Amino acid sequence: MSTETGFRYIDREKSWLAFNARVLQEAADESVPLLERLRFIGIFSNNLDEFFRVRFAAIRRLSLSGVTGEKILGGISAQQLVKEITEIVIRQQSESLKVLTQIQKELEKQNIIIINENEISGEHENFVKDFFIQKISPELVTIILNDLAEFPLLKDTSGYLAIKLVMKSVQKSKMLGLVKAKQEIRYAIIEIPKNTNRIVELPLKDGKQYLILVDDIIRYNLSSIFNIFEYESIAAHMIKITRDAQLDIDSDMSKSMLEKIATSVKDRRIGEPVRFVYDQSIDKDTLKFFLNKMGIDASDGVIPGGRYHNRRDYMNFPNLGRFDLLYPPRIPLPVEGLSLDGSILNKIAQKDYLIYAPYQSFSYLIKFLREAALDPKVSSIKITLYRLAKNSQIISSLINAAKNGKKVIVQIELQARFDEASNISYAEQMQQEGIELIFGIKGLKVHSKICVIDRIELGKLKRYGFISTGNFNESTAKIYTDLTLFTCHQQILKDVDKIFDFFDVNYRIHRYKHLIVSPHYTRSKFYKLIEREINHAKVGKPAYISLKMNSLSDYGMIDKLYEASNAGVKIKLQVRGICSLIPGVKGMSENIEAISIVDYYLEHSRTFIFCNNGDPEVFISSADFMTRNIEGRVEVACPIYDEDIKKQVIDTFNVGWKGNVKARYHSEKFENKYRIRTAGEPIFRAQHETYNYYYNRAEKDKF
């Protein structure tokens, strides 16, 4: 979109695709270690899968409804947007294949060879055949399609090999006195097993490491799979289907929310196809057969690709012991003044502490809950849960607390996208242990990251707790950057307790003295904070706004920032993903700069800093400036009152802002241009320098 045509916003879907292009840039970057580049290929592919299941699916539903949706989509019709997105994705897919090919060439120089079924040597033949028999064949699902009354349901989390068998059988018929042979063609489908690592290490050969994909092991053994057929030729090409991931929640009042979500998750597997990716070398008649049988229009979400799909599996590419081809590991740092050995509650009673994972250890949060579970003075624990690790220590700590007689109240979000099944399982587990569960509020997702415990000290109630920008998930805490505030501030924690009251009695809207809570107060409060900067700028007082978030797409917030820019407020934006604001436009946003940092860690923390005439107000938040976060979710932004912690948040924002290696500019043209260093300016890699910042703080604490 262009301001020349009167548009003030960048389309959010295209902006998201521009973010994924930045991920692909990391895969293409020769300065990134080779195996890490493969990981970024996997992340790019996984991101694209989720994009089609959620964002593209929603636009496609709108386009099929017959409504143009121009008002919703900011001036472009849904039909046109579907077309443009498809064109962008085809270009990105083509680019990703080029990048992957280049990476494989570089791996070969490192004596790491990825082979296909036609390159299996005599030394590897027995291994591949045995691996197929022992590991793959028992799980293999193969279906002959020609005579089926109904085409089988293909899952959107799986890859498939589309099989074409040209049979030897001859049908004889007399035509004009001649015998004419007619070849029979049979089609089949093979589901690629998911319980086996898709990338298989082969035995070393001549000092080189060889790998092969499960797909090609299956291709190598096609003759044993189809040995009952007399065929002349056989071909196998990979296809992948992506389905609409929208949940349709049953309105049956007799069912519990747990039952409704569980049913919806099961029904998701039959969602409408929104993307069909195929190996572009597939025979035209084979492609036509599958599209027709699945009822897919060749012009709707049909994406030509390479030989392999589900490249998200590269996220788990084996390290092969080649640590020289990986980023050096960073050990999470301790927090100054906060030990994992002594009582964490006693420390928090004296002052607030800030944890910045993964630069600092997430273990402090586990320590907090484990101590609370055992402490005889603790009477209750209340916590919100959104996404959890596969084997969650958070859950085990809460169950431990319940077994110790604590009252444990858990608000668990059953509609956390793609984590519904996991959360249902955890919910059932916690219910069995006597934990009181809250399943959210009708029409609102609970995305806040809060915890409060009640502790009886000298006969009086005292609260302890934490508020975070990210999920309480020890797995993602290793790669997502998130801030967690530990506090004993009684007024802040009284507000946190009110939020749990709101979960229990939804019709009662509370007033909060310290926290900014969606959906009731976020927009109005941040409008007031921006308005104050505008008023200060107009009278010549210092005025600036520094915001860091994942996404910025709410038009109201963008308009308010445009207004601030026009008043002379200097605005710095670090927006990792979607940025619908157009920065640097004279008369609209000339005082706004916007960058995105994509590097080894996923930038996930949200921090909001307002100048306040030289006495900055600082917040950490679970919310982005997206309409869904402001109006459709329960979110919490928390003020930072401790001056040292306030300085940490401001310092780390400024460290990120100085980045000149992995920082790209946001723009309406989606160029993803890197911030260029000026002459003589030293290299400043923001994530490295953030680690150094906290390392130096930890070192000072030793003396």
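Fair warning: this is a prediction, and the values are worked out from it, not measured in the lab. Position 1 is the first residue of the sequence, and the numbers go up from there.
With hydrogens and angles left out, the side-chain atoms of D156 and T242 include no donor and acceptor closer than 3.5 Å. With 3.5 Å as the limit, one finds no donor-acceptor pair spanning the side chains of S621 and R606. Neither side chain, S379 nor D454, offers a donor N or O lying under 3.5 Å from an acceptor on the other. Side-chain contact annotation: R387 with S422, donor-acceptor N/O pair under 3.5 Å absent. Judged purely by distance below 3.5 Å, without hydrogens or angles, the side chains of T484 and S468 pair a donor atom with an acceptor atom. For the residue pair S622/E635, the side-chain donor-acceptor check at 3.5 Å is satisfied. With hydrogens and angles left out, the side-chain atoms of H688 and R330 include a donor and acceptor closer than 3.5 Å.
Y359 and Y693 have their aromatic ring centers separated by at least 6.0 angstrom. In this structure, the ring of F526 has its center less than 6.0 angstrom from the ring center of F625.
Residue V575 comes nearest to S551 through the heavy atom pair CG1-CA, 3.9 Å, listed as atom of the first residue, atom of the second, then distance. Between I597 and R576, the closest heavy-atom pair is O-CG, 4.0 Å. Scanning both residues, F608 and K548, for their nearest heavy atoms gives CE2-O, 3.8 Å. Of all heavy-atom pairs between E474 and A389, the closest is CD-CB, 3.8 Å. A401 and I381 get closest at one heavy-atom pair: CB-CD1, 3.7 Å. Considering all non-hydrogen atoms of both residues, P639 and L485 come closest at O-CD2, 4.4 Å.
A salt bridge links E433 and K403; the closest N-O separation between the charged side-chain nitrogens and carboxylate oxygens is under 4.0 Å. Look at E336 and R697 and you find a salt bridge, because one of the NZ, NE, NH1 or NH2 atoms lies within 4.0 Å of a carboxylate O, short of that distance. Checked for salt-bridge contact, K646 and E643 meet the test: a charged N lies under 4.0 Å from a carboxylate O.
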Kindly determine whether H447 and E413 satisfy side chain to side chain contact (heavy atoms under 4.5 Å, CB included), including the steps that lead there. CA-CA 8 Å; H447 192 249; E413 182 49 71; over 6 Å; no
The test is salt bridge (Lys or Arg N to Asp or Glu O under 4.0 Å); show your working for K240 and D49 and say whether it passes. CA-CA 10 Å; K240 180 173 81 170; D49 287 347; 2.8 Å; yes
Audit row: F619, L529, side chain to side chain contact (heavy atoms under 4.5 Å, CB included) steps and yes/no: CA-CA 11 Å; F619 301 84; L529 290 167; 3.8 Å; yes
For side chain to side chain contact (heavy atoms under 4.5 Å, CB included), just list the numbers for M549 and M626, CA-CA rounded to whole Å, side-chain angles, deciding distance to a tenth of an Å, and then say yes or no. CA-CA 10 Å; M549 62 192 80; M626 302 179 74; over 6 Å; no
Stepwise side chain to side chain contact (heavy atoms under 4.5 Å, CB included) check, K449 with N471: CA-CA 7 Å; K449 326 293 185 182; N471 301 308; 2.7 Å; yes
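Classification of the Y600-Y327 ring pair by plane angle, with boundaries at 30° and 60°, yields perpendicular. In this structure, W657 and F653 have parallel ring planes: the angle between them is below the 30° cut-off, well short of the 60° mark.
The local environment of OH in Y480 is sparse, with at most 12 non-hydrogen atoms from other residues, nucleotides or ligands closer than 6.0 Å. Other residues, nucleotides and ligands place more than 12 heavy atoms under 6.0 Å from the NZ atom of K351. Other residues, nucleotides and ligands place no more than 12 heavy atoms under 6.0 Å from the NZ atom of K494.
The shortest side-chain heavy-atom distance between F56 and L17 does not fall under the 4.5 Å cut-off. With a 4.5 Å cut-off on side-chain heavy atoms, V410 and Y426 do not count as touching. Looking at I441 and F503, their side chains come closer than 4.5 Å, going by heavy atoms from C-beta outward. Using a 4.5 Å cut-off on side-chain heavy atoms (C-beta onward), Y694 and V335 make no contact. Looking only at side-chain heavy atoms (C-beta outward), K382 and I499 stay at 4.5 Å or farther from each other. The closest side-chain heavy-atom distance from F472 to F466 is below 4.5 Å. Side-chain atoms of L552 and I578, non-hydrogen and from C-beta on, never get closer than 4.5 Å to each other. Within the 4.5 Å cutoff, no side-chain heavy atoms of T384 are placed close to those of C451.
Taking the centre and axis of the six-membered ring of F502, the NZ or CZ atom of K498 falls outside the cone set by 45° and 6.0 Å. At least one cation-pi condition fails for R39 and F317: the charged atom is not both under 6.0 angstrom from the six-membered ring centre and inside a 45 degree cone around its axis. Both the sub-6.0 Å distance and the 45° axial angle are satisfied by K560 relative to the ring of Y527.
Within the model, atoms CG of L354 and OG1 of T652 stand 8.0 Å from one another, a figure rounded to the nearest 0.5 Å. The structure places CD1 of I530 at 13.0 Å from NZ of K528, a figure rounded to the nearest 0.5 Å. If you take NZ on K377 and CD on E457, they are separated by 6.0 Å, rounding to the nearest 0.5 Å. Rounded to the nearest 0.5 Å, atoms CG (L483) and OG1 (T469) are 5.0 Å apart. Distance check, rounded to the nearest 0.5 Å: CD of E436 to NZ of K407 gives 5.5 Å. The CD1 atom of I383 lies 10.0 Å from the CD1 atom of I435; values are rounded to the nearest 0.5 Å.
Legend: residues meeting salt bridge (Lys or Arg N to Asp or Glu O under 4.0 Å) with E139, ordered by chain and number and at least two apart, are absent. Scored by the side-chain hydrogen bond (donor to acceptor under 3.5 Å, both in side chains) test, E26 finds K662, R664 as partners (sequence neighbours excluded).
N473 places a side-chain N or O within donor-acceptor distance of the main-chain N or O of S475, the cut-off being under 3.5 Å. Of the possible polar contacts, none joining the E191 side chain to the S158 backbone as a donor-acceptor pair under 3.5 Å is found. Between the side chain of S361 and the main chain of L333, no donor-acceptor pair closer than 3.5 Å is present. Proximity of a side-chain donor or acceptor of D352 to a complementary backbone N or O of D642 within less than 3.5 Å is not detected. Counting only distance, with no hydrogens or angles, the side chain of S15 and the backbone of C579 share a donor-acceptor pair below 3.5 Å. At least one donor-acceptor pair closer than 3.5 Å links the side chain of Q360 to the backbone N or O of Y356. A donor-acceptor distance shorter than 3.5 angstrom exists from the side chain of Q490 to the backbone of C488, with no hydrogens or angles considered. When atom types are taken as modelled, the side chain of R198 and the backbone of N310 share a donor-acceptor pair closer than 3.5 angstrom. Between the side chain of N400 and the main chain of S396, no donor-acceptor pair closer than 3.5 Å is present.
A side chain to side chain contact (heavy atoms under 4.5 Å, CB included) with N629 holds for exactly one of D554, D624, N550; it is D624.
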